Protein chains: 2
Amino acid sequence: METRELRYFVAVAEELHFGRAAQRLGIAQPPLSRAIQQLERRLGVALLERTSRAVALTDAGAVLLREGRAALDAVDAAGRRTRRAAHAATGGPDLVLVTKAGTAGELLSKLLDAYAAEAGAVTVDVLLCGPGEQEKLLRDGRADVALLHRPFDSTAGLDTEELRTEGQVALLPAGHPLTARAHLRLADVTALPGLPMPYVLAPDGTYVDGSGPPFRSHEQLYQLIALGRASAVLPEECRAHLPRDVAAVPVLDAPTVTTVIAWPPQSRSRALAGLVRAATRL
Amino acid sequence: METRELRYFVAVAEELHFGRAAQRLGIAQPPLSRAIQQLERRLGVALLERTSRAVALTDAGAVLLREGRAALDAVDAAGRRTRRAAHAATGGPDLVLVTKAGTAGELLSKLLDAYAAEAGAVTVDVLLCGPGEQEKLLRDGRADVALLHRPFDSTAGLDTEELRTEGQVALLPAGHPLTARAHLRLADVTALPGLPMPYVLAPDGTYVDGSGPPFRSHEQLYQLIALGRASAVLPEECRAHLPRDVAAVPVLDAPTVTTVIAWPPQSRSRALAGLVRAATRL
DNA sequence: CCGGATCGATACCCGAGAGGTATCGCTGCC
DNA sequence: GGCAGCGATACCTCTCGGGTATCGATCCGG
């Protein structure tokens, strides 16, 4: 199977529409139809159910979509890491570390300082991204190592070392009655009248959209809370950056957050090993 | 990057010889030279140092060899799993479980029985292979799930659940003086005069070749031990199959062996989840 | 119930590029 | 210095990927 065929199939499987997929790929529709037919013939498997009005994935097609995305990521990763290995010799970064914007600030700077002080330390670039993007960046080679937060981020398929565990705190407007309490329970802060959460913690530890107003950054969230328009539950670490008009109260029964350093298992470079070692020594 | 180019590069990088690589790939040498040049041009990276007498990998080339193998495995896996997903509907196996030949017999049959008794159980094929091959089979899609033994097998990049832990025993000819002891230490059995080990446990838990005679199967190994030509250290579980003329004595300070069930993180099918659940309930 | 719109498949053509053969240029060795 | 081994180059062929035009089926509005 060629990566071209995989890319074509993934595009069609995502769009479920040959015309749009062809447009996205920058080719005409007929060659795309033929390429998919050829792929099906070569695999001996029907991947798509087409009527002349709609396209749907077969079970096998769903498998190829999932596995094909992973394979394309792996191919991309091979190219990116190779290029970076070469450019590292001419001033590029040797390692790219990615973390969610607005998290692990203290821990990260301590880690970078500790690593930079080591013998043989190499250039480390830091990349900030939105939630859920880190794993993608690791898998497709744009990053080499990440700071993740269990159980929010998935660490499936990654090697990890635990760095720190912390509880979570509820963020409320300063002066709210509950801020007088020494600690809270989840039941106290979910569904506070007038203070909806922009997101809620699902039972499996991931965030899902809640009823509160949307926000784009931590600053926005803090401002919404200070204005008495929202509340939130976040790891303790956020207390370091809170404005004065937002109060934090520990939530005893919120799941514990573990910060881990994670990397793709097959890319065990010397530089990466050094960084991981520095991290575990913190 | 196309998989064809990756396959070509991996062949050359492994052979370090364009002629042999071309032969292995079933093409002539000139197109291979050109394909590699084109790959280097497209990546903008020198992958190979060629003199007219020898070929060597550059640092970037070594990265591409490692990452490229993983990417090719992922592409193969996508094709194999897709084909299997389709053939499962027409009588093929839904899941392929792989384990090292000669290990986990008792545990495996209990697992298969327990799973088969579940509602919604699907066909499970069992594949036996040599040491170190299981991870490869999982990564390239020939198998879906494996029984591995830590610390001998690497579980990097796999999701795992622990099933059982056990100590290790020294295998000696029946009647050997040490068989009178209730337990031993590693120091007692390494370098026994006249009883060399065909392999030795390296400090990191992997096997490396030792000074003893080579063997191809557990039966051969047992026979060598019975004849007084070798000794070995194996997980306790092997006691179930030992012939009468081989004695087993626990080795207190040998590393504990953990049997785990492992699967590639992105292939979380319903059938696989059921099998894993059955395994953890054992 | 019919005509147009939509969408995937087919027919046909063209050019890029993958692969083959012949040969060159360099290097180490007897 | 001649020769053998090896990778690179020159040049040819032909497959196949991609484009345009069009068909056939289906849905929908009037």
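For clarity, every value in this text was computed on a predicted model and none was experimentally measured. Naming: A, B, ... by sequence-line order, numbering from 1 per chain.
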S.K.: Would you classify B/E5 as touching base, sugar-phosphate or nothing, given that sugar-phosphate means primed atoms plus P, OP1 and OP2, and contacts are heavy atoms under 4.0 Å?
M.R.: nothing
S.K.: Say you draw a straight line from CG of B/L64 to CG of B/D59; how long is it, rounded to the nearest 0.5 Å?
M.R.: 13.0 Å
S.K.: Take atom CD of A/Q37 and atom C1' of D/dC16, then tell me their distance rounded to the nearest Å.
M.R.: 15 Å
S.K.: Using the rule given for side chain to side chain contact (heavy atoms under 4.5 Å, CB included), can you reason through A/F18 versus A/V12, listing the C-alpha separation, both sets of side-chain angles and the distance that settles it, and then say yes or no?
M.R.: CA-CA 6 Å; A/F18 279 75; A/V12 175; 4.1 Å; yes
S.K.: Given D/dG7, C/dA18, C/dA9, which nucleotide is nearest the side-chain atoms of B/R34?
M.R.: C/dA18
S.K.: Starting at atom CD of A/E2, determine the distance to atom P of C/dA18, rounded to an integer number of angstrom.
M.R.: 10 Å
S.K.: Under 4.0 angstrom, heavy atoms only, what part of the nucleic acid is B/Q38 near: base, sugar-phosphate, or nothing?
M.R.: sugar-phosphate
S.K.: From C-beta outward on A/R4, which listed nucleotide comes closest to its side chain: D/dC6, C/dA9, D/dG18?
M.R.: D/dG18
S.K.: Is a side-chain N or O of B/Y115 found less than 3.5 angstrom from the main chain of B/V276, in a donor-acceptor match?
M.R.: no
S.K.: In whole angstrom, give the distance that lies between atom CD1 of A/I36 and atom C1' of C/dT10.
M.R.: 17 Å
S.K.: If I take atom CD in residue B/Q23 and atom P in nucleotide C/dG20, what distance separates them, rounded to the nearest angstrom?
M.R.: 13 Å
S.K.: Nearest-Å distance, CD (B/E49) to P (D/dG7)?
M.R.: 14 Å
S.K.: With sugar-phosphate meaning primed atoms plus P, OP1 and OP2, does A/Q29 contact a base, only sugar-phosphate, or nothing at under 4.0 Å between heavy atoms?
M.R.: base
S.K.: Taking the side chain of A/R50 as its heavy atoms from C-beta onward, which of D/dA8, D/dC6, C/dG8 lies nearest to it?
M.R.: C/dG8
S.K.: Does A/A35 or B/F18 map to a spot on DNA chain D nearer the 5' end, using the closest nucleotide for each?
M.R.: B/F18
S.K.: Would you find a donor on one side and an acceptor on the other, under 3.5 Å apart, between the side chain of A/R50 and the backbone of A/L48?
M.R.: yes
S.K.: Taking only N and O in the side chain of B/S33, is any of them less than 4.0 Å away from OP1 or OP2 of D/dA8?
M.R.: yes
S.K.: Measure from the side-chain heavy atoms of A/Y8 and tell me the nearest of D/dG7, C/dA9, D/dG18.
M.R.: D/dG18
S.K.: Give, for atom CG of B/L272 and atom CG of B/D94, the distance between the pair rounded to the nearest 0.5 Å.
M.R.: 11.5 Å
S.K.: Among D/dG7, C/dG20, D/dG19, find the nucleotide with the atom closest to the side chain of B/P31.
M.R.: C/dG20
S.K.: Find the distance A/L32:CG to D/dG17:P and express it as a whole number of Å.
M.R.: 13 Å
S.K.: Between P on C/dG8 and CD on A/E40, what's the gap in Å once rounded to a whole number?
M.R.: 13 Å
S.K.: Rounded to whole angstrom units, what separation is found between the CD1 atom of B/I27 and the C1' atom of D/dG7?
M.R.: 14 Å
S.K.: Among D/dA8, D/dG19, C/dT10, find the nucleotide with the atom closest to the side chain of A/P30.
M.R.: C/dT10
S.K.: So which nucleotide from C/dT21, C/dG8, D/dC6 ends up closest to the side chain of A/H17?
M.R.: C/dG8
